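Presented below is the structure to which this report refers.
Lettering of chains follows the sequences in order, A, B, ..., and the numbering in each one begins at 1. Only a predicted model underlies this, so the values are computations on that prediction, with no experimental measurement involved.
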There are 2 protein chains.
Amino acid sequence: MADYEKIKQNTASGPVTLADIAKLAGVSPVTVSRAINTPHLVKPRTLEAIERVIAKTGYVPNLLAGGLASRKTRLIAAVVPSVASTIFAETIEGLNAELVSAGYQLLLGLSGYDLSRELELTRAILARRPDGIILTGITHLKETRAMLTGAGLPIVEIWDSTPSPLDTAVGFSHAAVGSLVAGHLLIRGYDRYAQIGANDPRAVQRRDGFVERLKGIAEVELPELEMNSPSTFRDGRVAMAQLLDRGEGSLGVFCSSDVVAHGALAEAHARGCKMPDDLAIIGFGDFDFAPHTHPPLTTVRIDRRDIGTKAARSILRKIDGDEDVEAMINIDFHIVARGTA
Amino acid sequence: MADYEKIKQNTASGPVTLADIAKLAGVSPVTVSRAINTPHLVKPRTLEAIERVIAKTGYVPNLLAGGLASRKTRLIAAVVPSVASTIFAETIEGLNAELVSAGYQLLLGLSGYDLSRELELTRAILARRPDGIILTGITHLKETRAMLTGAGLPIVEIWDSTPSPLDTAVGFSHAAVGSLVAGHLLIRGYDRYAQIGANDPRAVQRRDGFVERLKGIAEVELPELEMNSPSTFRDGRVAMAQLLDRGEGSLGVFCSSDVVAHGALAEAHARGCKMPDDLAIIGFGDFDFAPHTHPPLTTVRIDRRDIGTKAARSILRKIDGDEDVEAMINIDFHIVARGTA
DNA sequence: ACGAAGAATGGAAGCGCTTTCATTGTAGCC
DNA sequence: GGCTACAATGAAAGCGCTTCCATTCTTCGT
């Protein structure tokens, strides 16, 4: 009687459970569990019967219960600063594609370039017991680090390089990017050098690499402007105006992103600067619009999607117990020389 | 002895449980649960003691267990076609901001404009028992609809309008957008009218609205080109070349996105078309670069972020048991007239 | 035809919480 | 002072699954 009502209620509305399926298929719950997770352990005939019942009832397993029991959630969390600023969006796509095809799901956190928000997100994420976590950058609050290492799960830090990652890192050296850009500009030779950039740790590292390479050769000018990440078209335009007003002579500028570079370019264009002779602009990211600006933007290209793909693969290998995952996976970058430098 | 070992093991490594905290604080598990979820029900002295223990041990509650017991996961899932194509990225940001501030987390699904992928994602998502789900568009496979309605959770469909949503919808009429654009072009008056667009349901609706408005006035030309969503700069460029090669006379073109419009613009620019007299181009989305093309792009602006914000608010209200949530929440759009039309 | 080995299935316990209901503390009031 | 009312706490059950171990079926070799 109680059983009847239960089954009746269940087939009528939502919460069909594994036990219901078992009852309906005339097997025990364990068998149903196996039919779902390890079907090769179930005799074809029973398997078929169970699958029929599942299809009929529209049963959807409860992964909360499953995760609690098995301590495996098939969830991977990723924290990125933002997803609207294109730069990380493709990484997320790459990540997601790889995870989904391995049967995992993506829990997304947006930190807004704010480390204390990253900490809160980390706490909230850990509460869901993901099988792995992916963080942007290698700069974290010490509480975040402690919480993370204490949780004992695979961690991948992306978009930066370090000899001592928390666990594994997939990225590249931003200082090296800055240095490469300086070298590129140096070959042409300009009277003045400047950098326009935001204040997130990676943009700062690119600037430092740029400055370092020019040390003893030229002083790198910086516009007086508070530019918070993500920096905007407008930031670039205003900054470029300052730079142009401030002095004479040919100018080589490194921008912290293509968006900023685009703004700088607009200002230069409006003033009729001759590029790349009087003015050089190099962006960062090789965004979609970069080949289509006037003149087309010279920029640093890195495979943003690939960072996501590689991060996913690393974390999946770690989850599978592979001990040999490289601690630091380097991503290539290079300058795409177009019209502005 | 067993207890000692358990506690010892737990303080040493990860899995501290609520029971451990209770033991350490000298209270029962229920009290700890209350201290975390409904602290006002706990005497300040005990609360403080418990919080001290939590801080010391670095305890992070297990939301899988909590969700299983309470049937509330504080998880909201969202399925969008893509996140790299800017159009939905801001919606996700708006959504996420609102959800996080209400104590919820975002489970992200990317369908790639593929309905059967949407179905698979839905199944996987439902298995996590989210408190609500957000889907892009109003076109779904019937299995998806069945699964969704059977699950009995709040649903919000975004980025489209319909008199009969699955539950609640937040968006606007794409046909009306197409119609509005046609009207705008009609005022200037062109010899020919064309549409360049992708094949996702919403782009198709915009085209249909465009065609409908021009019915009896002009035949709308379409380039011969398979354009899958998301369509690209290159698509726009190639399509525009076709259109320009095909006939004579002034031309008014509606593009299914600003990216496509940008490509079309590049081709027109290269050929020296005079805009907006000989050629008009209207995009869709008002992307960041739209004001900065040459000439600046005329486009349809809608508040992409606001869709996310409103969707989040609707679903949160539904979760709170509010019965009066409007079934259809309309989002404004308007033409931003710049240089190309 | 019989036992051994492996295939297929089941029983019971438990994952870490929340819920409901019951119990004990603590004021407050006449 | 004694009773009521509410505040504060606790005991027990259970959410829906998986894991471990035990049991029952098959199949095969000889």
Subject >> Nearest-angstrom distance from the residue atom CZ of Arg74(A) to P of dC17(D) >> reply: 17 Å
Original post:
Taking the nucleotide of DNA chain C with the closest heavy atom to each, which residue, Ser70(A) or Thr46(A), is nearer the 5' end?
Top reply: Thr46(A)
**OP:** Nearest-nucleotide wise, let me know which of Tyr59(B) and Val27(A) is further upstream toward the 5' end of DNA chain C.
**Re:** Val27(A)
Original post:
Between dG6(C) atom C1' and Leu41(A) atom CG, what is the distance in whole Å?
Top reply: 12 Å
**OP:** Looking at every strand, decide which applies to Pro29(A) at a 4.0 Å heavy-atom threshold: base, sugar-phosphate, or nothing.
**Re:** nothing
**OP:** Compare side-chain N and O positions of Thr17(B) against OP1 and OP2 of dG16(C) and report whether any pair is under 4.0 Å apart.
**Re:** no
**OP:** Let me know the distance between CD1 of Ile36(A) and P of dT18(D), rounded to the nearest Å.
**Re:** 7 Å
Original post:
Starting at CG of Leu64(B) and ending at P of dT18(C), how long is that distance when rounded to a whole Å?
Top reply: 12 Å
Original post:
What are the two closest non-hydrogen atoms of Ala25(A) and Ile50(A), and how far apart are they?
Top reply: CB-CG1, 4.0 Å
**OP:** Output the single nucleotide from dG11(C), dC15(C), dA11(D) whose closest atom is nearest the side chain of Leu68(A).
**Re:** dC15(C)
**OP:** Specify the residue among Ser33(A) and Lys43(A) whose closest nucleotide of DNA chain D lies further upstream toward the 5′ end.
**Re:** Ser33(A)
**OP:** Can you spot which of Asn62(A), Val60(A), Leu75(A) makes a side chain to side chain contact (heavy atoms under 4.5 Å, CB included) with Arg128(B)?
**Re:** Leu75(A)
Original post:
What's the CG-C1' distance between Leu47(B) and dA7(D), to the nearest Å?
Top reply: 15 Å
**OP:** Respond yes when some side-chain nitrogen or oxygen of Asn62(A) is under 4.0 Å from OP1 or OP2 of dC15(D), and no when none is.
**Re:** no
Subject >> Presence of salt bridge, Arg45(A) and Glu48(A), under 4.0 angstrom >> reply: no
**OP:** Measure from the side chain of Ala69(B), starting at C-beta and using heavy atoms only, and say which of dC17(C), dG10(C), dG16(D) lies closest.
**Re:** dC17(C)
Subject >> Leu126(A) CG to dG16(C) P, straight-line distance once rounded to whole Å >> reply: 15 Å
**OP:** Let me know the distance between NZ of Lys72(B) and P of dT18(C), rounded to the nearest Å.
**Re:** 11 Å
Subject >> Among dT9(C), dT19(D), dG16(D), the nucleotide that comes nearest once only the side chain of Ala65(A) is considered >> reply: dG16(D)
**OP:** Specify the separation, in whole Å, of atom CG of Leu18(B) and atom C1' of dT18(C).
**Re:** 10 Å
Original post:
For the residue pair Ile125(A) and Ala77(A), what are the closest heavy atoms and their distance?
Top reply: CG2-CB, 3.3 Å
Original post:
Does Arg71(A) place a side-chain N or O at less than 4.0 Å from the phosphate oxygens OP1/OP2 of dC17(D)?
Top reply: no
**OP:** Answer with yes or no whether Arg34(B) presents, from its side chain, a donor or acceptor under 3.5 Å of a partner atom in the base of dG10(D).
**Re:** yes
Original post:
Out of dT19(C), dG10(C), dT18(C), which nucleotide sits closest to the side chain of Thr31(A)?
Top reply: dG10(C)
Original post:
So, do Leu148(A) and Ile133(A) sit near enough that their side-chain heavy atoms are less than 4.5 Å apart?
Top reply: yes
